Q: 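Supplied in structure tokens, the structure appears directly below.
Residues take their numbers from the sequence shown, with the count starting at 1. Please read these numbers as outputs of a predicted model, since none were measured by experiment.
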Amino acid sequence: MDTYPSPGSFGPTPPVARPLPRRTAIVLRPRFPWRKLLWLGALLALLCVLAMGTGYRYTEVRPGTVAVSVPAVDAGDRRAVRKLESAHRQLAGKLAAAQPRGTYIVVDQTHNRLYIKKNDDVVRTAVCSAGSGMVLKEGEAGRKWVFDTPRGLYKVRNKVTNPIWKKPDWAFVEEGKPIPKNAQDRFESGTLGEYALYLGDGYMIHGTLYTRLLGRNVTHGCIRLGKEDLRAVWAAAPIGTPVYIY
């Protein structure tokens, strides 16, 4: 009697064939052409507008044909307007009268600029140096000096060639030296440059040995100029010339 090996005695059990699943049929339906219809509708609308028009009529409007509603002005308003116009004329007249004429000097100590002007024209612009604003005290309870350049309207009171500086008390206090009893010990030459234009109260427009400091607020109150600018001011400003400092 023949004996047959049992399943699995010589290896894995062979796979059992299974029936294939049924394939589902896919039906492709065409999409509705919405975009084409929208473009077609827009094109038809444009053609209708071009053919029939928009319905609006355009006419040329000439100047003076448009009616503008202007509110009525009563008598009180007219009086107020006339009063304002009169005040304006008076102020304009005062301003014109106050306008300097001829040659005058303007000093802008904020920007350290000096201007020689003739009427409304600027003849020359110069770099200058004005007061430092520093405060100097003589000891704890002594005198005090503030080195500011004054503001306001001044005039050239005197003009001196090769001026000699008479040093005030504060100059010796600043240097830490005793104040001299002999007046001759106060005089110093060459410090103020070639020229000095005196404005009063000890203030001057003069030259300087320290031209590298021009354009800075470093003085004790006077207005310093370079050599060429000082010569121009000297030639242009006779005694009596107005000097406006602000």
Q: We want to know whether Asn119 and Gln99 form a side-chain donor-acceptor pair, criterion being a heavy-atom distance below 3.5 angstrom.
A: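 Gln99 and Asn119 do not have a side-chain donor-acceptor pair below 3.5 Å.
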Q: Nearest heavy-atom pair of Ile239 and Arg157: which atoms, and what distance?
A: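 So the two residues come closest at CG2-O, 3.7 Å.
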Q: Report yes if the side chains of Tyr246 and Val107 come closer than 4.5 Å at any heavy-atom pair, otherwise no.
A: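 In short, these two side chains do not touch, never coming nearer than 4.5 Å.
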Q: Group every Ile, Leu, Val, Met, Phe, Trp and Tyr by side-chain heavy-atom contacts under 4.5 Å, then state whether Ile205 and Val156 land in the same group.
A: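 Yes, one cluster joins them.
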Q: Atom CG of Leu197 and atom CD1 of Ile105: how far apart are they, to the nearest 0.5 Å?
A: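 Those atoms lie 6.5 Å apart.
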Q: Specify the closest pair of heavy atoms between Val135 and Val146, including all atoms of both residues, with the distance to one decimal.
A: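 Heavy-atom minimum between the residues: CG2-CG2, 4.1 Å.
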Q: Should the pair Glu228-Arg231 be classified as a salt bridge under the 4.0 Å nitrogen-to-oxygen rule?
A: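 Salt bridge between Glu228 and Arg231, a charged N being under 4.0 Å from a carboxylate O: yes.
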Q: With the side chain counted from C-beta on, respond yes when Thr219 and Asn217 share a heavy-atom pair under 4.5 Å apart, and no when they do not.
A: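 A side-chain contact under 4.5 Å is absent here.
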Q: Does the pair Asp169/Arg186 count as a salt bridge with the N-to-O cut at 4.0 Å?
A: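 Counted as a salt bridge, because a side-chain N and a carboxylate O are separated by less than 4.0 Å.
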Q: Heavy atoms, side chains only, cut-off 4.5 Å: are Tyr198 and Pro163 in contact?
A: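 Side chain of Tyr198 against side chain of Pro163, heavy atoms only: contact under 4.5 Å found.
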Q: Kindly indicate whether the side chain of Ile116, heavy atoms from C-beta on, has any atom under 4.5 Å from the side chain of Val233.
A: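 Yes. Closest side-chain heavy atoms under 4.5 Å.
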Q: Following the transitive rule for hydrophobic clusters with a side-chain heavy-atom cut-off under 4.5 Å over Ile, Leu, Val, Met, Phe, Trp and Tyr, establish whether Leu114 and Tyr210 coincide in one cluster.
A: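 As far as the 4.5 Å side-chain criterion goes, Tyr210 and Leu114 are not connected within one cluster.
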Q: Find out if a path of hydrophobic residues (ILVMFWY) with successive side-chain heavy-atom gaps under 4.5 Å connects Trp234 to Val160.
A: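 No; tracing contacts between hydrophobic side chains, which count when under 4.5 Å, never links both residues.
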Q: Is it possible for you to say whether Ile245 and Leu230 belong to one hydrophobic cluster, with membership spreading through side-chain heavy-atom contacts below 4.5 Å?
A: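 Yes; tracing contacts between hydrophobic side chains, which count when under 4.5 Å, links both residues.
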Q: For the residue pair Pro238 and Lys159, what are the closest heavy atoms and their distance?
A: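 Minimum heavy-atom separation between Pro238 and Lys159: CA-NZ, 4.1 Å.
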Q: On the six-membered ring of Phe172, is Lys167 placed so that its NZ or CZ lies under 6.0 angstrom from the centre and within 45° of the ring axis?
A: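 The answer is yes; both the distance and angle limits are met.
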Q: Between Arg113 and Val127, is the side chain to side chain contact (heavy atoms under 4.5 Å, CB included) condition met? List the steps.
A: CA-CA 5 Å; Arg113 293 293 184 272; Val127 178; 3.8 Å; yes
Q: State, yes or no, whether a side-chain contact exists between His220 and Ser132 at a heavy-atom distance under 4.5 Å.
A: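 His220 does not reach Ser132 side chain to side chain.
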Q: Is there side-chain contact between Trp145 and Val173, with at least one heavy-atom pair below 4.5 Å?
A: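 With C-beta onward as the side chain, the pair touches.
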Q: In the structure I gave you, are the side-chain heavy atoms of Lys144 and Glu138 within less than 4.5 Å of one another anywhere?
A: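 Lys144 does not reach Glu138 side chain to side chain.
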Q: For Glu140, give me all partners under side-chain contact (heavy atoms from CB on, under 4.5 Å), at least two apart in sequence or on another chain.
A: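 Not a single residue meets the side-chain contact (heavy atoms from CB on, under 4.5 Å) criterion with Glu140.
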Q: Which class fits the ring pair Tyr104 and Tyr244: parallel under 30°, tilted 30 to 60°, perpendicular over 60°?
A: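 Plane angle over 60°, so perpendicular.
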Q: Taking only residues two or more places apart in sequence or in another chain, which ones pass salt bridge (Lys or Arg N to Asp or Glu O under 4.0 Å) with Glu174?
A: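 By the salt bridge (Lys or Arg N to Asp or Glu O under 4.0 Å) rule, Glu174 matches no residue at all.
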Q: According to salt bridge (Lys or Arg N to Asp or Glu O under 4.0 Å), who are the partners of Asp185, at least two apart in sequence or on a separate chain?
A: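 For Asp185 there are no salt bridge (Lys or Arg N to Asp or Glu O under 4.0 Å) partners, ignoring immediate neighbours.
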Q: Is the shortest side-chain heavy-atom distance between Arg224 and Thr211 below 4.5 Å?
A: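 The answer is no, as the side chains (C-beta and beyond) never meet within the 4.5 Å cut-off.
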